[in-house]
Amino acid sequence: MSSLKNKDMKKNFSQQWLEILCLIIPETNSAMFLMPSSDNKKIISLAKLPSDLNQYADFMPVVKYALKKQKLVCIPNIPSKNKKYYDFHALPIYADTELLGVIVLKVEHLHSEARTKISKSLQDGSHWLKLAHSNQYHEDGFYNNIVGLLAASFEQENYQEVLIQLVTELTKKFDCDRVSFSEFKDDHSHVVALSNSAEFNPNANLIQKYADAMDEAVEQDSNIIFPNPDSVLILQSHQVLFDGLTTASLCTIPLIHKQQVFGAITLTRSIDKPFNNETINMCQQTLALITPFLSLKKEDEQSLFHKVSQSFHKNMGEVFGLKHLKLKFAALGVISILFIATLIQTEFLIKSNAVLEGRVQRVIAAPIEGYLISSYVQAGDTVSKGDVMATLEDAELKLELTKLNGQIQQARREYREALSSQDLVKVRVVSSQINQIAAERDLTIEQLEKIRLLAPFDGVVIEGDLNKILGSPVERGEMLFKIAPLADYRVILKVDERSISYIKQGQQGRLSLASVPNKRLPLTIEKITAVASSEEGTTIFRVEAALHDAPKILRPGMEGVGKINAGQANLLWVWTHDMIDWIKLWYWSW
């Protein structure tokens with residue numbers, strides 16, 4: 001009969017314990033607590049949630065896996081028949097080497113951090129189950145206390161009624177004259193429930209003494225029994241309370257939940273019934289199991305504003321607490337750098353690809369039709385004014401000149417004969433012929449002079465290599481060379497369309513050429529073209545700039561990078577303005 005009663009109490013306790021655990025883990029879909037049978041040949045269900053849970057075949061593979069590993073296991077992201085995904089958590093609970101049971105949770109699929117928190121809650125909850133199987137006291141007494149307290153607490157509708165029922169039940173269970181319960185907030189204990197007193201004045205002198213005694217236990221993080229001549233703890237507040245109660249034995253126990261002080265409880269008995277260690281241990285373990293339920297009950301009844309405020313303070317505690325110090329120091333370093341960057345003013349430089357061009361470019365074209373017989377320069381060569389660059393075939397022109405000279409001598413003889421015979425009509429006709437032939441001769445002489453192509457000024461040949469086409473005919477006006485002066489250059493900057501709005505005429509900048517990387521050449525913006533062009537998949541605008549103090553080593557066609565000073569701005573804006581502008585455009589288009 002006793003064995004049957006003990007089994008029923010275990011079952012009731014396990015069910016209550018499982019319900020509290022699932023309250024702590026609200027994402028739980030279903031849960032089970034299984035324990036070995038009396039002959040240790042199979043696993044039987046002792047508690048389940050919901051209470052009508054019948055289909056639990058999907059729990060068994062996880063249970064077997066956990067028993068094989070003999071540790072906490074988590075199998076995430078398992079599909080179910082309702083097309084949802086769940087995580088399965090299983091923890092075998094051992095007392096020394098004895099298997100007490102296995103707790104299994106079926107939880108909505110969560111991210112890894114949330115799964116870690118659930119595992120931590122399971123491990124914390126398993127401690128209370130181990131306490132129920134401790135040999136420090138008789139199991140019947142423990143189950144009676146726990147099941148009775150849980151049943152009485154669950155029956156109450158609100159948090160305050162739970163506290164009143166709790167102190168009342170503790171008074172009965174531990175044969176006390178009075179039990180007081182306090183909450184710890186603002187670094188001080190506040191008495192909120194007192195047995196045998198539905199209403200009391202929290203500012204009363206005696207109540208304040210209770211609160212001071214509880215603060216004394218909380219500050220020393222220890223259970224306090226008074227009187228206790230062997231204690232090494234500070235017992236000043238307990239002495240004051242003892243004096244106020246005249247004949248009483250005192251016991252104060254701090255309540256810890258989630259590694260924080262939740263409150264404290266003080267029990268008083270008559271002096272002839274002092275508290276012993278066994279009673280204190282049972283009371284402490286009973287309160288340790290009931291404290292999570294009290295915390296949940298209190299949180300449920302808080303206002304939305306209070307919950308938001310509490311969550312904010314908790315998050316601030318996480319941010320400014322001692323956890324993850326390396327990550328926090330790194331984040332603080334990044335924030336500090338960004339803040340300092342907003343205070344530092346620097347030049348806002350617009351970078352663009354650049355190419356060097358001659359300000360004046362002169363084309364050397366073929367003056368007449370003919371054949372190219374020689375070429376003395378090619379692209380990249382420097383020339384001086386009057387240097388011969390190429391020559392054309394002159395044989396035909398010389399023959400034409402000889403022919404015209406003969407014709408003009410013959411016409412002059414005819415002119416003299418007509419003049420001697422006084423044939424005035426013939427004189428006028430021959431005179432006109434002489435003038436026509438002379439004009440053709442002058443044209444031929446002028447063409448002979450142009451067959452030698454001369455450099456019009458000092459400069460460099462930027463286009464033209466005729467060595468491969470020597471002997472071939474050229475048409476009149478055909479371009480043979482392009483020449484640019486050596487001392488007069490302009491810089492063509494290819495500015496990205498995202499930066500063109502910052503460019504203005506007259507702005508200063510610097511140019512670094514690939515061929516002269518150690519020099520920074522000053523430049524000034526002169527002209528911004530209004531026509532965009534596409535180059536290498538990027539839309540660019542052509543910006544012309546004047547180059548100052550150009551060294552003699554420069555040549556047209558050299559390429560490099562130009563930086564234009566567009567004014568002063570803070571360093572953070574300089575780093576991020578491109579990204580911010582892109583986000584603004586994306587947001588507006590979206």
Side-chain angles (χ1 to χ4, degrees), residues 3-134 139 143 146-147 150 289 292-293:
S3 175
L4 182 61
K5 180 181 177 183
N6 189 31
K7 183 177 179 181
D8 289 340
M9 284 190 292
K10 278 187 178 182
K11 187 172 183 179
N12 291 336
F13 169 75
S14 299
Q15 185 65 38
Q16 299 281 9
W17 170 74
L18 186 62
E19 289 178 6
I20 291 178
L21 192 61
C22 291
L23 284 174
I24 297 172
I25 308 173
E27 299 88 356
T28 303
N29 174 270
S30 54
M32 290 187 67
F33 177 66
L34 304 102
M35 64 176 294
S37 61
S38 56
D39 55 4
N40 288 326
K41 292 184 177 180
K42 60 180 180 178
I43 294 288
I44 59 174
S45 173
L46 193 64
K48 56 187 177 181
L49 195 74
S51 57
D52 58 351
L53 179 65
N54 294 319
Q55 300 297 328
Y56 42 82
D58 49 349
F59 284 77
M60 300 315 296
V62 186
V63 172
K64 291 178 181 178
Y65 182 64
L67 290 174
K68 181 180 179 181
K69 292 291 185 179
Q70 294 187 349
K71 64 179 182 179
L72 174 68
V73 297
C74 175
I75 303 178
N77 209 21
I78 302 299
S80 64
K81 294 180 180 179
N82 57 7
K83 297 183 180 180
K84 291 185 178 180
Y85 289 83
Y86 295 94
D87 301 331
F88 285 83
H89 299 259
L91 174 66
I93 303 170
Y94 292 90
D96 295 329
T97 57
E98 179 189 358
L99 177 64
L100 304 181
V102 183
I103 173 71
V104 190
L105 297 184
K106 182 180 180 182
V107 182
E108 295 177 6
H109 179 57
L110 300 169
H111 54 82
S112 59
E113 185 176 348
R115 294 201 298 270
T116 302
K117 289 182 178 180
I118 291 175
S119 299
K120 179 68 168 55
S121 298
L122 273 177
Q123 291 173 330
D124 291 342
S126 67
H127 297 323
W128 317 131
L129 195 69
K130 291 177 184 179
L131 291 175
H133 294 78
S134 172
E139 287 186 351
Y143 285 126
I146 294 299
V147 174
L150 291 175
L289 187 57
F293 171 72

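Just so we're clear, the structure is a prediction, and the values are computed from it rather than from any experiment. These numbers come from the heavy atoms of this one structure, side chains and all, not from hydrogens, waters or symmetry mates.
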Side chain to side chain donor-acceptor pair (under 3.5 Å) partners of Ser80, counting only residues at least two apart = Asn82
Who are the side chain to side chain donor-acceptor pair (under 3.5 Å) partners of Lys84, not counting sequence neighbours?
-> none
Heavy-atom pair of closest approach, residues [X] and [Y]:
| X | Y | answer |
| --- | --- | --- |
| Val73 | Ala66 | CG2-CB, 3.7 Å |
| Leu122 | His89 | CD1-CB, 3.7 Å |
| Ile93 | Phe33 | CD1-CE1, 4.2 Å |
| Ser119 | Leu72 | CB-CD2, 3.2 Å |
| Tyr65 | Ile75 | CD2-CD1, 4.3 Å |
| Asp58 | Val62 | O-CG2, 3.9 Å |

Side chain to side chain contact (heavy atoms under 4.5 Å, CB included) partners for Pro50, two or more places apart | Ser30, Asp52, Leu53
Who are the side chain to side chain contact (heavy atoms under 4.5 Å, CB included) partners of Lys71, not counting sequence neighbours?
-> Lys69
Looking at [atom1] of [X] and [atom2] of [Y], how far apart are the two atoms once the value is rounded to the nearest 0.5 Å?
| X | Y | atom1 | atom2 | value |
| --- | --- | --- | --- | --- |
| Leu105 | Leu49 | CG | CG | 9.5 Å |
| Leu99 | Gln70 | CG | CD | 9.0 Å |
| Leu91 | Cys74 | CG | SG | 12.0 Å |
| Phe88 | Ile78 | CZ | CD1 | 7.0 Å |

Solution key, residues 106-115 side-chain donor-acceptor pairs under 3.5 Å, sequence neighbours excluded:
| from | atom 1 | to | atom 2 | distance (Å) |
| --- | --- | --- | --- | --- |
| His109 | ND1 | Asp87 | OD1 | 2.8 |
| His111 | ND1 | Glu113 | N | 3.4 |
| His111 | ND1 | Ala114 | N | 3.2 |
| Arg115 | NH1 | Leu110 | O | 2.7 |

Listed once per pair and sorted, the salt bridge (Lys or Arg N to Asp or Glu O under 4.0 Å) pairs that draw on residues 26-36, sequence neighbours left out = none
